[in-house]
Participant: 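Here it is: the structure, laid out below.
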Amino acid sequence: MKHKTLKGLQDILPPDISIWHHIEKTAANIFKSYGYHEIRLPIMESTEVFKRSIGETSDIVEKEMYTFQDKGGRSVTLRPEGTASFVRAYVEHHLHNNPPPQKYYYTGPMFRYERPQAFRYRQFYQIGAEAMGIEDPKLDAEIISMLSRILDSIGLKGLNFEITSIGCKECRPDHKIALKNFLGSKLDAFCSDCRRRYDTNPLRILDCKVPACIELRKGSPPVLDYLCKECKDHFDSLNKYLKLLKVPYRVNPNLVRGLDYYTKTAFEVSSENLGSQSAVAAGGRYDSMVKEFGGPPTPGIGFAMGMERVIPLLKDVIEISDGPELLICPLDNAASEKGLHLAELLRAKGLWVEINHEITSLKSQMRKANRISAKNVIVLGDDEINSHKIVVKSMIDKVEKESKLDADQIAAILQQRS
RNA sequence: GUGAGUGUAGCUCAGUUGGUUAGAGCUCCUGACUGUGGCUCAGGAGGCCGGGGGUUCGAAUCCCCUCACUCACCCCA
């Protein structure tokens, strides 16, 4: 084979595409009910947009970005996530001049140069939502509830909702110091990954799956104990509101975010059926990001959901079967021409109609009707054209109904049956 | 970036200690059944056995290299 998709990229073909449509449609309806508007952003930004927001030392920026020079010598990057682009657009178009909360959602491809793995691709699709301008934890509860509703409505069950607070600029450093003090004394006993994390991202050690590390980190200073009053009140209220909204969740103080811009609330939805890539959706608050992008101080909160994580979970649940309302089976050339015209008239009424353009035995045409899951067939031959009468046969229950060779009447029968 | 596994038909996979022209099931096309489907039967189409090199009278099979894919680590949605 001469050409193939690049590593970690994939073609999305029918019938899988109908799952995508199902998810996108369902999400769009729920977004609408919460007042979220769609925005479409470019898939490329100036590299600085991501470096500044995601964090220079994060793995994403350090080794996973598709960064290159355009012909004008500018460093540009294929977006590895949506929030940074969104905040750039928010500031650029002065969206803060609209009454808060301003609520937006987006969908589209993201790019990260990673080794592909089950449920992990280099080009992957996210549906994300961002709500701006409100600091109150009621907004946190609302957006988490919305996410829960979306996942539920598309048909996913048995997901784990976890939340925590990772503090703010004031209190987070205190916790980090306390954590490093605690871990530092016995660092040699940890796995090599954890020893490396101690310098790069000590919080990650709390997430390590190596049994020895789990044992060693017992008794480490909990994040939630180090929250400043403001962060603690915020988190307490969020818990109250989530209970009020009956969102099923649990607190996981070891939840870690890979991006630097998060503050206070962090949340994650995971599944046990995704191998090692358990995250289905995740998000959090980012109260200082707009200011860092040069806008007025504006709090924000958002999440992103990974399509490639959701779809495999859905494949077991959702049934995909799709076929035309009608297949026209002509027996000779004259009938074929008549059928061609009839098909157009029916399609003009919005019906999905197929016609066999090549004349083969009636038997094989009927077989084809089965294969393409046609719901009804009509046979067109001399008899039908001379008598101007046809039979609409249901392929599902074999019921035959006589009709005039007339698009209106045929359409009425098809609509009655669907 | 690190480690392991797998590459044979469109798909799922057989292929014995190396031995004629590489097989099966599903799918696709045709017919049995000449104007009514799903079953059955028969026939047909479809292969650089991932690629290159080596050993051998002879390689899908053994050896070396390479490429691709998959899974896991890492990281993350």
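All chains are named by letter (A, B, ...) in the order of the sequence lines, taking the proteins before the strands, and each is independently numbered beginning at 1. Being a predicted model, the structure only gives us computed values, none of them experimental.
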Participant: When you compare B:rA24 with B:rG15, how far apart are their P atoms, in angstrom units rounded to a whole number?
Facilitator: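 Approximately 15 Å lies between the P atom of B:rA24 and that of B:rG15.
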Participant: Between A:Phe50 (CZ) and B:rA77 (P), how many Å, whole number?
Facilitator: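 Roughly 14 Å, once rounded to whole Å.
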Participant: Quick one: on RNA chain B, does A:Gly8 or A:Gly306 contact a more 5' nucleotide (nearest heavy atom)?
Facilitator: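 First, find each residue's nearest nucleotide; the 5'-ward one identifies A:Gly8.
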Participant: Would you measure the distance from the P atom in B:rG52 across to the matching atom in B:rU61 and give it in whole Å?
Facilitator: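 It comes out at 12 Å once rounded to the nearest Å.
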Participant: Determine the Euclidean distance between corresponding C1' atoms of B:rG44 and B:rG5; express it in Å to zero decimal places.
Facilitator: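 Pairwise C1' distance, B:rG5 against B:rG44, rounds to 38 Å.
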Participant: Using 30° and 60° as the class boundaries, would you call the ring planes of A:Phe111 and A:Tyr66 parallel, tilted or perpendicular?
Facilitator: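 Plane angle over 60°, so perpendicular.
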Participant: So if I define the base as every atom that isn't primed, P, OP1 or OP2, how would nucleotides 34-50 of chain B read as a B/S/- string at a heavy-atom cutoff under 4.0 Å?
Facilitator: -BBBB-B----------
Participant: Considering only NZ, NE, NH1 and NH2 on the basic side and carboxylate oxygens on the acidic side, decide whether A:Glu114 and A:Arg120 come within less than 4.0 Å.
Facilitator: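 Counted as a salt bridge, because a side-chain N and a carboxylate O are separated by less than 4.0 Å.
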Participant: Please give the distance between the P atoms of B:rA9 and B:rC49 as a whole number of Å.
Facilitator: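 Looking at atom P only, B:rA9 and B:rC49 are 9 Å apart.
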Participant: Taking the nucleotide of RNA chain B with the nearest heavy atom to each, does A:Gly283 or A:Asp193 sit closer to the 5' end?
Facilitator: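 Taking each residue's closest nucleotide, the earlier one in sequence belongs to A:Asp193.
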Participant: Could you pull out the closest heavy-atom pair between A:Ile30 and A:Met146, with the gap in Å?
Facilitator: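 Answer, listing the atom of A:Ile30 first, then A:Met146: CG2-CG, 4.0 Å.
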Participant: Assess the side chains of A:Asp397 and A:Ser394: does a donor N or O sit below 3.5 Å from an acceptor N or O?
Facilitator: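 Short answer, yes.
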Participant: In dot-bracket notation, what is the pairing pattern of RNA chain B, taking Watson-Crick (N1-N3 plus N6-O4 or O6-N4) and G-U wobble (N1-O2 and O6-N3) contacts under 3.5 Å, with [ ] crossing and | for other strands?
Facilitator: (((((((..((((.....[...)))).(((((.......))))).....(((((..]....))))))))))))....
Participant: Using a strict 4.0 Å threshold on nitrogen-to-oxygen distance, state whether A:Arg79 and A:Glu81 make a salt bridge.
Facilitator: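 No.
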Participant: May I ask you to establish whether A:Arg122 and A:Tyr113 are in a cation-pi arrangement, using a distance under 6.0 Å from NZ or CZ to the six-membered ring centre and at most 45° from the ring axis?
Facilitator: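 Yes - A:Arg122 lies over the ring of A:Tyr113, closer than 6.0 Å to its centre and within 45° of its axis.
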Participant: Can you see whether A:Lys393 engages A:Asn376 through a side-chain donor-acceptor pair at a distance of less than 3.5 angstrom?
Facilitator: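 Distance-only check fails for A:Lys393 and A:Asn376.
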Participant: Rounded to whole angstrom units, what separation is found between the CD1 atom of A:Ile144 and the P atom of B:rA77?
Facilitator: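 Taking CD1 of A:Ile144 and P of B:rA77, I get 15 Å after rounding.
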Participant: When rounded to the nearest Å, what value does the distance between C1' atoms of B:rC26 and B:rU21 take?
Facilitator: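 Those two atoms are separated by 25 Å.
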Participant: To the nearest Å, give me how far apart CD1 (A:Ile54) and C1' (B:rA77) are.
Facilitator: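 The distance from CD1 of A:Ile54 to C1' of B:rA77 comes to 13 Å, rounded to the nearest Å.
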Participant: Any salt bridge linking A:Glu62 with A:Arg112? Criterion: basic side-chain nitrogen under 4.0 Å from a carboxylate oxygen.
Facilitator: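 Looking at A:Arg112 together with A:Glu62, the answer is no, because their closest N to O distance does not fall below 4.0 Å.
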Participant: Rounded to the nearest Å, what distance is computed from the CD atom of residue A:Glu308 to the C1' atom of nucleotide B:rC75?
Facilitator: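 In whole Å, B:rC75 C1' and A:Glu308 CD are 16 Å from each other.
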Participant: Separation of A:Leu206 atom CG from B:rC75 atom P, in whole Å?
Facilitator: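 My rounded result for the distance is 13 Å.
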Participant: Rounded to the nearest angstrom, tell me the gap between atom CG in A:Leu13 and atom C1' in B:rC11.
Facilitator: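 In whole Å, B:rC11 C1' and A:Leu13 CG are 14 Å from each other.
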Participant: Whether the A:Thr265 and A:Asp140 side chains hold a donor-acceptor pair (N or O, under 3.5 Å, no angle test) is what I'd like checked.
Facilitator: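 There is such a pair (donor and acceptor under 3.5 Å, judged by atom type) between the side chains of A:Thr265 and A:Asp140.
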Participant: Within the 3.5 Å criterion, strictly below it, is a donor on A:His388 or A:Asp406 matched to an acceptor on the partner's side chain?
Facilitator: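 Per modelled atom types, A:His388 and A:Asp406 side chains form no pair under 3.5 Å.
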Participant: Parallel, tilted or perpendicular: which fits the ring planes of A:Tyr286 and A:Tyr261, with parallel below 30° and perpendicular above 60°?
Facilitator: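 Perpendicular, since the angle between the ring planes exceeds 60°.
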Participant: Distance check, C1' atoms only: B:rU56 and B:rG10, in whole angstrom units.
Facilitator: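 The same atom, C1', in both gives a distance of 35 Å.
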Participant: Does a side-chain N or O of A:Arg196 approach OP1 or OP2 of B:rC74 to a distance below 4.0 Å, or not?
Facilitator: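 No.
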Participant: Between B:rC57 and B:rG51, how far apart are the P atoms? Round to whole Å, please.
Facilitator: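 The same atom, P, in both gives a distance of 24 Å.
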Participant: So, taking the atom named CZ in A:Arg285 and the one named CD1 in A:Ile134, what distance separates them when rounded to the nearest 0.5 Å?
Facilitator: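 If we round to the nearest 0.5 Å, A:Arg285:CZ and A:Ile134:CD1 are 9.0 Å apart.
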Participant: Please report, rounded to the nearest Å, how far the P atom of B:rC74 is from the CZ atom of A:Arg195.
Facilitator: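 Taking CZ of A:Arg195 and P of B:rC74, I get 14 Å after rounding.
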Participant: Is it true that the side chains of A:Arg149 and A:Tyr34 contain a donor and an acceptor less than 3.5 Å apart?
Facilitator: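 Judged by distance alone, the side chains do pair up.
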Participant: Between atom CG in A:Asp207 and atom C1' in B:rC73, what is the gap in whole Å?
Facilitator: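 Checked: the CG to C1' distance equals 14 Å.
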Participant: In residues 115-131 of chain A, which residues come under 4.0 Å of RNA chain B by heavy atom?
Facilitator: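 Within this stretch, A:Arg115, A:Gln117, A:Ala118, A:Phe119, A:Arg120, A:Tyr121, A:Phe124, A:Gln126 sit under 4.0 Å of the strand.
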Participant: Which value, in whole Å, describes the distance between the C1' atoms of nucleotides B:rA45 and B:rC28?
Facilitator: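 One C1' to the other, the span is 8 Å.
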